[in-house]
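Below is one structure; the comments refer to it alone.
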Amino acid sequence: MSKKTPQAIRGTQDIFGADAEAFAFVVETFERVRRLYRFRRVEMPVFEKTEVFARSLGETTDVVSKEMYSFEDRGGESLTLRPEFTAGIARAFLTNGWQQYAPLKVATHGPLFRYERPQKGRYRQFHQIDAEVIGAAEPQADVELLAMADQLLKDLGINDVTLHLNTLGDGASREAWRAALIDYFRQVEGQLSEESQERLEKNPLRILDSKDPRDKPFLADAPKIDAFLSEEAAAFFAAVTSGLDAAGVKWVRAESLVRGLDYYRHTAFEFIPDEGSASAAALGSQSTVLGGGRYDGLMESLGGAPTPAVGWAAGIERLAMLVGAREEQPADLIIVVEDDARVAEAIGLIGDVRKHGFTAELIASGSPRKRYDKAVKRGAEVILSLRPEMGRGIATDNPEAGVLGVLGAYR
RNA sequence: GCGAUCAUAGCUCAGUUGGUUAGAGCGCCGGUUUGUGGUACCGGAGGUCACGGGUUCGAACCCCGUUGGUCGCCCCA
């Protein structure tokens, strides 16, 4: 590779072949399932004013403080490539008056950007599918969203992941719990890992997630959210879990599952590969395949009226890894031109075949004698070879092949 | 931001304690063979050994730096 050839940007990927097919399969399955659940498709800008993310995610979060691709446009405005979908969708909801459609169920997918160190299942430009229900305060919205996620994973053939579910309670419950956690961990602060000591200041809930062996002994006895739930919050969570049971969605309670962003309330969830499963091995240290929760506080932080909402997002690359490489489908027909004088005939024929809805490929370059072998290697339902003296030459062991109807004259 | 590890042909990789002109398989291109056929054989193109410095009579190999890949930590999908 000469130094003159430009390199791809770190953390971006050029997806091709079987990997690209897996990627497309994830997106196609998502599109199909989202229609079943009547989620409406939305297309969102890839960039927004920086404040859209800064205000909704919070200035102090890692995402905003060190992971955003922000830049000034020629008018001097600070813009940011979207690091997630939710903030932009919330902004659109407010600026377009989509309140009139509430409760609004929307779905989208596309690229997102985060300046992070790349590793397995993590990229600087990555892709997500995303589903949101905006303007629905009732737990049934959570249930429907989770049922959709569950069906999506099953339709993708991913059966070794489980829904891990928690509640963060309403604002008051959450604050009380947070205060109790701080009190609790303060008493043993000196024995915690450096990271957790820092988290104690910035994001105490996160300590519960710690993998550090120094923190583990203190996690089991840490205060539980259940003790701080208001009656309404407890009832809300009970409605979600019984709804999931009714929908046939398997779940486990994950008391230490929290969300990094402050706007989350009530339901928080992640689909995580089962321990020791093939999916767990495929994902390495990136365990979450799909995650989300209820973000009733978000609209206010963008200056809108209080609006309840729930949503989730899933990394397409991660899902594609679990789906595995998917081979590209062989063509219905390959036409091999072994006689260069018959190129025009081949072009006419192949056009016909394609107009009838069959996939077809033309091989008319390289050494004429090797073209047929090339076709065999590539594989097709039917291979038709136009050869100098044999006139009509068709090779297939598959009399059922549909293309043969169009190729009647060549039988 | 921190740590580990790697970088040789389009791809997958050999390359001995530093020592002539850097190799193989696959792929690609051409030829011969076969002739309703994924055959076999012959030949060819393609490499500033990631980049930049240093040590040495001599560096793909040793040292430093840079860039990038991979895998962890943090954080997150």
Side-chain angles (χ1 to χ4, degrees), chain A residues 1-14 16-17 26 57 60-68 82-86 109-131 149 161 193-196 198-199 202-203 205-207 209-212 257-261 269-273 283-293 311-322 334 336 338 365-380 382-397:
Chain A
M1 210 80 59
S2 139
K3 68 177 171 187
K4 280 186 186 164
T5 12
Q7 282 178 314
I9 304 294
R10 172 166 231 192
T12 63
Q13 357 163 43
D14 304 309
F16 175 75
V26 170
L57 302 178
T60 60
T61 57
D62 275 16
V63 172
V64 170
S65 63
K66 46 192 188 199
E67 293 177 3
M68 293 204 305
R82 61 187 181 196
E84 58 132 41
F85 277 117
T86 307
H109 64 82
L112 303 165
F113 305 85
R114 247 119 95 163
Y115 190 84
E116 290 186 282
R117 200 67 182 269
Q119 56 184 282
K120 194 181 191 73
R122 274 177 89 153
Y123 306 95
R124 288 186 172 182
Q125 176 178 338
F126 59 107
H127 302 79
Q128 285 187 345
I129 50 179
D130 179 278
V161 302
S193 65
E194 296 79 32
E195 278 101 13
S196 286
E198 206 169 307
R199 284 190 273 236
K202 288 174 61 181
N203 198 351
L205 306 200
R206 275 276 159 203
I207 299 176
D209 259 354
S210 175
K211 296 167 200 157
D212 197 297
L257 190 153
V258 296
R259 304 271 81 196
L261 308 174
F269 53 86
E270 294 179 5
F271 283 80
I272 298 175
L283 282 177
S285 71
Q286 315 304 323
S287 51
T288 303
V289 114
L290 183 154
W312 56 250
I316 298 177
E317 287 89 348
R318 290 186 189 177
L319 290 170
M321 284 191 275
L322 303 191
I334 293 180
V336 182
E338 289 191 80
S365 63
S367 171
R369 313 202 87 162
K370 289 184 174 161
R371 291 176 194 168
Y372 190 86
D373 286 355
K374 212 187 276 183
V376 172
K377 277 189 190 168
R378 218 170 279 188
V382 171
I383 296 173
L384 169 65
S385 191
L386 303 182
R387 314 175 62 213
E389 68 286 355
M390 318 219 19
R392 318 192 171 289
I394 194 159
T396 178
D397 293 327

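What you see is a predicted model; the values in this text were computed from it and never measured. So that the names make sense, note that chain A is the first sequence line, chain B the second, and so on, each numbered from 1.
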Among [options], the one nearest [X] by side-chain distance:
| X | options | value |
| --- | --- | --- |
| E195(A) | C73(B), A77(B), G37(B) | C73(B) |
| R117(A) | G3(B), C75(B), G68(B) | G3(B) |
| R114(A) | C76(B), G38(B), C75(B) | C76(B) |
| Y115(A) | C71(B), G1(B), G37(B) | G1(B) |
| K377(A) | G72(B), G27(B), C75(B) | G27(B) |
| R206(A) | C74(B), C76(B), G38(B) | C76(B) |
| D373(A) | U39(B), C75(B), C71(B) | U39(B) |
| R259(A) | A77(B), C74(B), C29(B) | A77(B) |
| Y372(A) | G37(B), C75(B), C73(B) | G37(B) |
| R318(A) | G37(B), A77(B), A4(B) | A77(B) |

- Item | Base-paired stems that RNA chain B participates in, counting runs of 3 or more Watson-Crick or G-U pairs under 3.5 Å |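 Stems (3+ consecutive pairs) listed as B:1-7 with B:67-73, B:10-13 with B:23-26, B:28-32 with B:40-44, B:50-54 with B:62-66.
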For this session: Establish whether the base of C75(B) is bridged to the side chain of R122(A) by a donor-acceptor pair shorter than 3.5 Å.
Result: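 Answer yes: a donor N or O sits under 3.5 Å from an acceptor.
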- Query: Is R124(A) positioned over the aromatic face of Y115(A), cation under 6.0 angstrom from the ring centre and no more than 45 degrees off axis?
  - Reply: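 Checked: cation-pi criterion met.
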If we take the [atom1] atom in both [N] and [M], what is their distance in whole Å?
| N | M | atom1 | value |
| --- | --- | --- | --- |
| U67(B) | G27(B) | P | 38 Å |
| G65(B) | U5(B) | P | 13 Å |
| G54(B) | C42(B) | C1' | 47 Å |
| A7(B) | A60(B) | P | 15 Å |

Open item on the list: Holding to side-chain contact (heavy atoms from CB on, under 4.5 Å), I want the full list of residues that pass it with S210(A), two or more places apart in sequence or in another chain.
Closed with: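 Listed in chain order: S196(A), R199(A), D212(A), D215(A).
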Exercise. Assign K211(A) to base, sugar-phosphate, or nothing according to its heavy-atom contacts below 4.0 angstrom with the strands shown.
Key: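 Sugar-phosphate: the residue K211(A), judged by heavy atoms under 4.0 Å, touches backbone atoms but no base.
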By the 4.0 Å heavy-atom rule, please label G121(A) as base, sugar-phosphate, or nothing.
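Base, at least one base atom sits under 4.0 Å.
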Inset, instruction - List the atom of F271(A), the atom of A149(A), and the distance in Å for their closest heavy-atom pair. - result: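 Taking every non-hydrogen atom into account, CE1-CB, 3.8 Å.
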Tell me yes or no: between the side chains of E84(A) and Q128(A), is some donor less than 3.5 Å from an acceptor?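 No, Q128(A) and E84(A) have no side-chain donor paired with an acceptor closer than 3.5 Å.
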Worksheet item: Without hydrogens or angle criteria, can the side chains of T288(A) and E270(A) be said to hold a donor-acceptor pair below 3.5 Å?
Response: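 Yes, a side-chain donor-acceptor pair sits under 3.5 Å.
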Residues in ring pair (Phe, Tyr, Trp, His ring centres under 6.0 Å) contact with H127(A), at least two apart in sequence or another chain
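Here the qualifying residues are F23(A).
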